[in-house]
Amino acid sequence: MMIVPACCRFWRRISLAILVLGICPTPVRAAEQQIAVKAERLFDGKSKTLLQNAVVLIQGDKIIDIGSNLAIPSGAQVIDLGDATLAPGFMDAHTHLTLDYSGDYNVRRLHELDLNVSEQAIRATTFARATVEAGFTTVRDLGSHLVGSREFVDVALRNSINKGLIVGPRMLVATKGIGAVGGHFDPTNGFRDFLFGREPDYTDGIATGPDEIRKAVRFEVKNGADVIKAAVSGGVLSLTDEVDTPQLTPAEMAALVDESHRLRKKVAVHCHGDQAAREAIEAGVDSIEHGSFLKPETLGRMKTKGTFLTPTLMATEWIMGRLENYPPALQAKAKAAAVARSEMFRNAVRMGVKISFGTDAAVFPHGQNAKEFKLMIDLGMTPVDALISATANDADLLGIAQKVGTLEKGKLADVIAMAGDPTADIEATERVVFVMKEGKVIRKGAPIVQGAAKARETTEEGAPAD
Ligand SMILES: [Zn+2]
């Protein structure tokens with residue numbers, strides 16, 4: 001008699017059961033291991049006080065519990081960070097992860113013409129990694145235009161991060177900024193006429209009249225824009241415009257906002273000048289970026305209408321510290337903007353305008369975004385309010401507050417930790433020791449990749465880095 005092994009008998013019974021009951025065998029996945037992240041303190045993104053002896057319990061990509069001295073389930077992996085403060089992943093509402101403007105202005109301008117777009121895209125992957133390793137798990141990337149190129153490098157970067165091909169922050173991208181002929185976003189500004197063989201058009205974001213503005217918005221959404229960015233006044237780092245003059249008409253701004261909002265996209269506008277800001281606020285934009293010359297009455301309109309201000313203090317700070325890197329015309333514009341923006345920011349804080357944290361990363365080296373916090377505190381903001389601006393406020397502005405921005409049960413597990421207590425020493429925000437994005441640990445301890453730092457070194461030397 002043939003002896004049938006026990007395991008075979010078992011499988012025969014299972015097969016029979018499947019046959020009789022019509023059960024389709026589906027693989028049973030073991031429950032994902034829970035992770036308990038512990039630290040002495042926790043900032044939850046909305047409370048003005050810190051939670052002590054904090055525990056955040058994570059399973060899969062979500063937070064499943066949170067509390068002080070929370071009981072840790074058996075079998076959970078414990079990450080004890082000790083004298084540190086847990087916080088929601090920081091957000092930066094104004095970056096340019098595909099660009100690096102931090103070196104000498106003219107050297108950078110020349111190398112923009114040298115480097116092929118694929119190489120610039122590869123460099124951008126190191127900028128994305130440096131940003132998330134600094135604790136910024138979400139960015140709103142406000143404009144990615146590589147002169148003479150029709151590529152959408154920011155869309156490619158966002159998609160590659162979402163697919164897990166590269167490591168970086170969650171990105172909401174604007175593709176090419178929309179603006180006027182000869183304005184801040186005109187990529188041929190300052191070059192010899194027709195050097196590139198044609199005038200830029202709506203496919204470059206350059207448009208004239210309400211209908212063309214609508215066409216540019218539709219073109220950008222078609223190609224993957226999550227948010228619409230436009231330049232409604234002049235800028236500091238453009239050669240042929242004045243920093244505070246209006247560059248779109250009220251009718252163009254109305255078309256910009258109407259078309260974007262119909263397509264459920266928010267509108268962020270680069271704007272230093274007061275007149276342009278007043279017109280943009282009345283048109284219904286969602287945020288004013290920079291806002292250097294805004295008068296108190298204009299800030300009052302922002303408060304009434306709920307318009308966010310993204311102050312990007314780091315951008316002027318960086319430029320003012322290295323004025324010799326910029327042509328004389330830009331130096332004069334930077335000085336004027338720097339003098340005006342401090343008073344404007346103090347007024348905005350005092351008046352209670354909604355402030356979204358944003359830095360203009362690319363003007364300075366990527367990964368130094370957290371230096372913005374100290375600048376905000378030095379100009380009158382409280383540490384907790386600055387932390388709220390980089391978490392709950394930005395999530396609100398970006399339209400993703402239901403998923404991220406605070407540490408709460410059911411939200412995505414974007415959790416970071418800083419050594420020390422940022423409410424006592426705001427520069428703790430520059431000492432991020434732990435980064436988790438959607439339940440996956442991206443950094444614990446020293447940065448994993450030094451690529452961005454290396455790229456920066458070559459930039460400082462003037463080598464063909466940017
Ligand atoms: Zn910018």
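Being a predicted model, the structure only gives us computed values, none of them experimental. Counting convention: from 1, in listed order, for ligands and their atoms alike. Atoms considered below: every heavy atom in the structure, side chains included; atoms not considered: hydrogens, waters and symmetry mates.
Between Phe293 and His272, the ring planes are perpendicular. Angles over 60° get that label, and only those under 30° would be called parallel.
Here Asp360 meets the criterion, with an N, O or S atom under 2.8 Å of the Zn ion (ligand 1). The nearest N, O or S atom of His270 is not closer to the Zn ion (ligand 1) than 2.8 Å. For a distance bound of 2.8 Å, the N, O or S atoms of His290 include none lying that close to the Zn ion (ligand 1).
Ring centroid separation for the pair His366 and His96 does not come in under the 6.0 Å cut-off.
Distances from the Zn ion (ligand 1) to each N, O or S atom of His96 single out NE2 as the nearest.
Sorted by first then second residue, the side chain to side chain donor-acceptor pair (under 3.5 Å) pairs that include residues 158-167, not counting sequence neighbours, are Arg158-Asp226.
In this view, His184 and His270 satisfy the ring pair (Phe, Tyr, Trp, His ring centres under 6.0 Å) rule, not counting sequence neighbours.
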